[in-house]
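Each ligand, and each atom within it, is numbered from 1 in the order the structure gives.
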Amino acid sequence: MAVKGLGQIDQEYDGSNLKVGILHARWNKEVIDALVEGAQKRLLELKVKPENIIIESVPGSYELPFASAAMIKKHKLDVVIPIGVLIKGSTMHFEYICDAVSKALMDLQFKIGVPVIFGVLTCMTEEQAQARAGLIPGKMHNHGEDWGACAVETALKWSP
Ligand SMILES: O=c1[nH]c(NC[C@H](O)[C@H](O)[C@H](O)CO)c([N+](=O)[O-])c(=O)[nH]1
């Protein structure tokens with residue numbers, strides 16, 4: 001169960017009229033799959049209909065911003081959850097992608113007027129990523145669940 005106080009949902013929202021996109025990168029599959037599953041689980045718990053959870057993928061996190069914009073338009077989404085896992089390597093590639101993707105996803109929601117949840121793990125190690133996907137027992141909860149809850153709350157509370 002998620003640790004109380006870490007941005008926890010403030011009430012049980014009814015997501016039954018929402019259309020939600022989950023767009024995931026295909027790097028670090030084991031962690032990605034757990035995060036996607038966690039987001040889906042929470043969306044269903046908050047009454048989002050299974051047929052209104054649209055799941056698509058992109059090669060890597062760098063493609064998330066462009067494809068998120070396209071997915072919102074293609075499926076007329078109320079909110080999108082881009083999910084990626086970036087793990088530091090031996091070059092500066094990690095820093096450049098993290099910075100570019102986080103800024104682009106933030107800007108996108110203002111440009112397009114649809115909430116874009118930040119579902120990108122930017123980790124120094126594989127273990128950090130696994131922990132945040134709930135894959136290490138007793139360590140951390142699955143952050144994908146937080147993103148699902150955040151998506152429903154934000155879409156219901158703040159969408160224009
Ligand atoms: O999602 C990821 N993409 C990664 N690279 C691919 C990148 O996102 C693009 O798909 C690629 O550069 C083509 O545009 C990663 N690394 O390079 O380490 C990574 O850790 N995670």
Side-chain angles (χ1 to χ4, degrees), residues 2-3 6-7 9 18-46 48 50 52-155:
V3 177
L6 293 180
I9 199 165
L18 290 178
K19 197 170 185 189
V20 182
I22 296 176
L23 177 69
H24 68 83
R26 294 193 298 269
W27 274 64
N28 305 301
K29 180 172 174 20
E30 182 198 16
V31 177
I32 287 283
D33 288 352
L35 292 167
V36 169
E37 190 189 334
Q40 260 182 304
K41 170 175 168 281
R42 199 73 183 95
L43 291 172
L44 293 169
E45 286 170 355
L46 292 170
V48 178
N52 285 342
I53 301 174
I54 316 295
I55 300 179
E56 305 236 26
S57 72
V58 289
S61 295
Y62 185 82
E63 284 72 42
L64 288 172
F66 180 81
S68 291
M71 192 180 180
I72 287 167
K73 292 182 190 121
K74 177 181 171 184
H75 296 289
K76 296 180 178 48
L77 299 176
D78 295 302
V79 55
V80 65
I81 309 172
I83 294 179
V85 175
L86 285 152
I87 299 174
K88 172 75 179 152
S90 55
T91 69
M92 289 291 288
H93 191 234
F94 168 83
E95 284 83 352
Y96 285 106
I97 297 182
C98 292
D99 187 50
V101 169
S102 53
K103 286 198 174 90
L105 291 177
M106 172 61 80
D107 293 348
L108 175 59
Q109 53 194 343
F110 296 102
K111 277 188 200 127
I112 212 161
V114 171
V116 177
I117 306 309
F118 188 64
V120 180
L121 295 184
T122 55
C123 299
M124 299 311 287
T125 64
E126 171 77 26
E127 187 185 20
Q128 282 182 353
Q130 288 179 346
R132 285 152 184 77
L135 292 172
I136 302 177
K139 195 107 187 218
M140 293 178 115
H141 68 283
N142 183 339
H143 287 33
E145 295 183 19
D146 300 342
W147 302 338
C150 178
V152 171
E153 176 180 347
T154 309

Main chain of Lys76, side chain of Lys19: is a donor-acceptor contact present, judged purely on distance under 3.5 Å?
no

Could you list which atoms of ligand 1 come closer than 4.0 Å to a heavy atom of Ile87?
20 (O)

List the closest protein heavy-atom neighbour of atom 21 (N) of ligand 1: residue, atom name, distance to the nearest 0.1 Å.
Val85 O, 2.8 Å

Of all the non-hydrogen atoms in the protein, which one sits nearest to atom 19 (C) of ligand 1, and at what distance?
Trp27 CE3, 3.3 Å

Short question: side chain of His75, backbone of Lys73 - any donor-acceptor pair under 3.5 Å?
no

Within-shell test, Asn28 vs ligand 1, heavy atom, strictly < 4.0 Å:
yes

Residue among Ile54, Ile81, Ile117, Leu77 satisfying side chain to side chain contact (heavy atoms under 4.5 Å, CB included) with Val20:
Ile81

Which residue owns the protein heavy atom closest to atom 1 (O) of ligand 1, what's the atom, and how far is it?
Ser61 OG, 2.7 Å

Under 3.5 Å between any N/O of Leu86 and any N/O of ligand 1: does that happen in this structure?
no

Just to confirm my output: which protein heavy-atom neighbour is closest to atom 10 (O) of ligand 1, and how far is it?
Glu63 OE1, 2.6 Å

Keeping the roles fixed (side chain from Arg132, backbone from Gln128), state whether a donor-acceptor pair exists under 3.5 Å.
yes

Could you tell me if the side chain of Val120 sits less than 4.5 Å from the side chain of Ser102, heavy atoms only?
no

Element-labelled atoms of ligand 1 that are located less than 4.0 Å from some non-hydrogen atom of Tyr62
7 (C), 8 (O), 9 (C), 14 (O)

Name of the residue among Leu121, Val85, Leu86 meeting side chain to side chain contact (heavy atoms under 4.5 Å, CB included) with Asn28
Val85

Ligand 1 to His93, heavy atom cutoff 4.0 Å, flagged ligand atoms 5 (N), 17 (O)

Sidechain N-carboxylate O distance under 4.0 Å for Glu37, Lys41
no

